[in-house]
*Asks:* 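The structure follows.
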Amino acid sequence: MGYKTYTCPIARDCGGCEWLAVPYPIQLHRKQEQVEKLLGSMAQEDGAAVEGIRGMAEPVRYRHKAATPFAYGGRGHVLSGFYAAGTHRIVRCQDCLVEDERARRVLNGVARVAERLHIPPYDEDRGTGVLRHAVVRCGWKTDDVLLVLVSRVNELRGERTVVNELRAACPEVTSIVLNVNDRRTNAILGRRSRTLYGPGVMHDQLLGCRFEIGPTSFYQTNPEQTEVLYQLALEGVGGAERALDAYCGTGTIGICAAAASPGLQVTGVEQVRGAVACARRNAAANGVDGRCRFVAADATAWMAREGAHERFDVVVMDPPRAGSTPEFLDGVARLSPKRVVYVSCNVVTQARDLALLRERGYRLERVAPVDMFPHTKHVECVATLVRR
Ligand SMILES: C[S@@+](CC[C@H](N)C(=O)[O-])C[C@H]1O[C@@H](n2cnc3c(N)ncnc32)[C@H](O)[C@@H]1O
C-alpha cells in the first residue's frame, strides 16, 4: 500500500487515531518494535523469534463497532461525536475513516431524533437527563446493524414513536435495544437491556462460522483481522482433543476451533452471562453444541473450583487488557496442558503473564503480532507456549 498517509478533518481534536499522519508501513514497524522489546528476549531464550506483524491491506473502515456520547449544544441541539482527547467536550464527526460507513450515519441520526423528540441528553455532572450513549454494531459479512441506546432511565417517553423515528432516520438499522445505565460511572453500558425493535442481536461470520452477538457481549471490532488472529490461535490448538477457551466471549475462538477439528471438545468460560447465552446458541447454530459447553463464571474462580478437576491438552486464553491473574495462570500450570495459546490486546500484561507461565514450565514456541487497530499504538499478539 506504499507510504501514503490519511487525513481527517477532526484528527487533532479527536485524538483517536494518534498515528494517522504516520505512513502505515512505519506504524507496523513501530508495533513490531514494541512487541520485540517486550517479548523478543523471552522468545529468543526459548529458541523462538517474533514473527513479522500481520497488517491490513487497506487500513480503513475496519471498525464495525462505534459509539457516541450525547450533550446539549445550545438552542435545543443534541451533539454527538467523539470526546476531544482527555476531555468531555464533544467533537462532532460526519464520517470516520476507520469506521464502517453506516456507523456514524446511524449515531448522528440518533442525535437528530433525540433533538426532534426532545429526549434530553445525560448530564454527567448533575446525573440528570436521559440519553447517555448510543453504540452501533455493524455486521461485516451480514447487513445486520444493531443499535443500542444507553439510557439513565428504564423507559423512554413515547417509546413507540422513538422507534418509528429512528427506523425512518436510520433505515439500515435492523435491531434497536434499550440498555439502562443508572450508575454514576464512566462505563458505557449498564447491566439491563430490553429489545425495542428486531431480534435484539446482530449476526456475523468468522472463518465460515456464524455468530450471534448480544448487545452487551464482547465482539472484536475489526473482524477482517480477527480472522487472521483466530487462524493463528487455531494453529496453536493444532490436533488437540480437549481445549479450554478461557475469557471466551460469545465462544468465537472455541467454536471456530471445534468446527475446524471434528474430534475437539471445548469448554468455554466467560463472566458475562449474556455472552455465554450467545455462545451456547452459537455452538448450536454451527452444529458443534455436542462438543462445546460454556460456563458463566469468573475465570479465576472457575479455575480454582471446577477447572482443577478437568483435563485439557490445550488452553486458549484471551483476557481483557488487564491480563489474567497469577491464580488463573497457576491453575493452568497445574492442569499441565501440552500447549497454551495466549491471545492478547495488551503486550505489557501479556509479557507479565508469559513470564509466569515460563517460570511454571512452559517455553515460547511462537510469537505472532497482528495489527487490529491501524493508526493507533495498540497491537494484538498471539503467543503459543509448549510444556518443556
Ligand atoms: C478480549 S475479550 C475476548 C473474547 C473472545 N475470545 C473473542 O475473541 O471475542 C475478553 C473477554 O473476557 C471476558 N472477561 C473479562 N474478565 C473476565 C473474568 N474475570 N472471567 C471471565 N471472563 C472475563 C470479557 O467479558 C470478554 O468477553
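Remember, it's 1-based here, ligands and their atoms both numbered in the order they're listed.
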*Asks:* Any nitrogen or oxygen of Asp245 lying under 3.5 Å from a nitrogen or oxygen in ligand 1? Just yes or no.
*Replies:* no
*Asks:* Ala233 and Ile253: which non-hydrogen atoms are nearest, and at how many Å?
*Replies:*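 For Ala233 versus Ile253, the nearest heavy atoms are CB-CG2, 4.3 Å.
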*Asks:* Donor-acceptor pair, distance only, cut-off 3.5 Å: does the side chain of Arg339 make one with the backbone of Gly236?
*Replies:* yes
*Asks:* For Asp95, is there an ion pair with Arg61 - N to carboxylate O distance below 4.0 angstrom?
*Replies:*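 Between Asp95 and Arg61 there is a salt bridge, with a charged N closer than 4.0 Å to a carboxylate O.
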*Asks:* With heavy atoms only and a cut-off of under 4.0 Å, state how Pro319 meets ligand 1: side chain, backbone, both or neither.
*Replies:* backbone
*Asks:* Quick one: does Ser217 get within less than 4.0 Å of ligand 1, heavy atoms only?
*Replies:*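 Ser217 does not count as a contact of ligand 1 under the 4.0 Å cut-off.
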*Asks:* In ligand 1, which numbered atoms sit nearer than 4.0 Å to a non-hydrogen atom of Val272?
*Replies:*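 This gives 25 (O) as the contact atoms.
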*Asks:* Would you say the side chains of Asn108 and Ser80 form a donor-acceptor pair under 3.5 Å?
*Replies:* yes
*Asks:* Nearest protein heavy-atom contact for atom 26 (C) of ligand 1: which residue, which atom, what distance?
*Replies:*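 Result: Glu270 OE1, 3.5 Å.
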*Asks:* Do me a favour and list the nearest non-hydrogen protein atom to atom 18 (C) of ligand 1 with residue, atom name and distance?
*Replies:* Gln271 OE1, 3.3 Å
*Asks:* Check Glu172 with Arg102, please: is the shortest side-chain N to carboxylate O separation under 4.0 Å?
*Replies:* no
*Asks:* Would you mind checking if Arg192 and Glu155 are paired as a salt bridge, meaning a charged N to carboxylate O distance below 4.0 Å?
*Replies:*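 Between Arg192 and Glu155 there is no salt bridge, as every charged N stays at least 4.0 Å from the carboxylate O atoms.
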*Asks:* Show which atoms of ligand 1 fall inside a sub-4.0 Å distance from at least one heavy-atom site of Thr252.
*Replies:*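 Listed by number with element, the hits are 7 (C), 8 (O), 9 (O).
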*Asks:* Taking Arg92 first and then Asp13, would you say they form a salt bridge - that is, a charged N and a carboxylate O separated by under 4.0 Å?
*Replies:* no
*Asks:* Just which atoms of ligand 1 are under 4.0 Å from any heavy atom in Ala297?
*Replies:* 20 (N), 21 (C)
*Asks:* When you look for heavy atoms under 4.0 Å from ligand 1, do you find them on the side chain of Asp318, its backbone, both, or neither?
*Replies:*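 Asp318 to ligand 1: contacts from backbone and side chain alike.
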*Asks:* Around atom 20 (N) of ligand 1, find the nearest protein heavy atom and jot down its residue, atom name and distance.
*Replies:*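 Answer, as residue, atom name and distance: Ala299 N, 2.8 Å.
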*Asks:* Which one holds for Cys248 and ligand 1: side chain close, backbone close, both close, or neither close, with close meaning a heavy atom under 4.0 Å?
*Replies:* backbone
*Asks:* What residue and atom, counting heavy atoms only, is the protein's closest point to atom 8 (O) of ligand 1, and at what distance?
*Replies:*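 Of every protein heavy atom, Tyr230 OH, 2.5 Å lies nearest to atom 8 (O) of ligand 1.
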*Asks:* Heavy atom under 4.0 Å from ligand 1: found in Ala246's side chain, backbone, both, or neither?
*Replies:* neither
*Asks:* Under 4.0 Å, heavy-atom basis, I'd like to know which part of Asp298 is in contact with ligand 1: side chain, backbone, both or neither.
*Replies:* both
*Asks:* Taking Glu380 for its side chain and Val370 for its backbone only, find out whether a donor-acceptor pair lies under 3.5 Å.
*Replies:*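 Such a contact is absent between Glu380 side chain and Val370 backbone.
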*Asks:* Indicate yes or no for a side-chain donor-acceptor contact from Ser261 to the backbone of Gly263 under 3.5 Å, with no hydrogens or angles considered.
*Replies:*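 No.
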*Asks:* Would you check whether Cys345 reaches within less than 4.0 Å of ligand 1, judged by its heavy atoms?
*Replies:*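 So Cys345 does not count as touching ligand 1.
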*Asks:* Relative to atom 15 (C) of ligand 1, which among Ala301, Pro320, Gly249 owns the nearest non-hydrogen atom?
*Replies:*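 Nearest option to atom 15 (C) of ligand 1, by heavy atoms: Pro320.
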*Asks:* Considering Phe218, Phe328, Tyr247 one by one, which has a heavy atom nearer to atom 9 (O) of ligand 1 than any of the others?
*Replies:*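 Looking at heavy atoms only, the winner is Phe218.
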*Asks:* Kindly confirm or rule out a cation-pi arrangement of Arg321 over Tyr247, judged by NZ or CZ under 6.0 Å from the six-membered ring centre and within 45° of its axis?
*Replies:* no
*Asks:* Taking only Lys NZ, Arg NE, NH1 and NH2, and the carboxylate oxygens of Asp or Glu, determine whether Glu115 and Arg112 approach each other closer than 4.0 Å.
*Replies:* yes
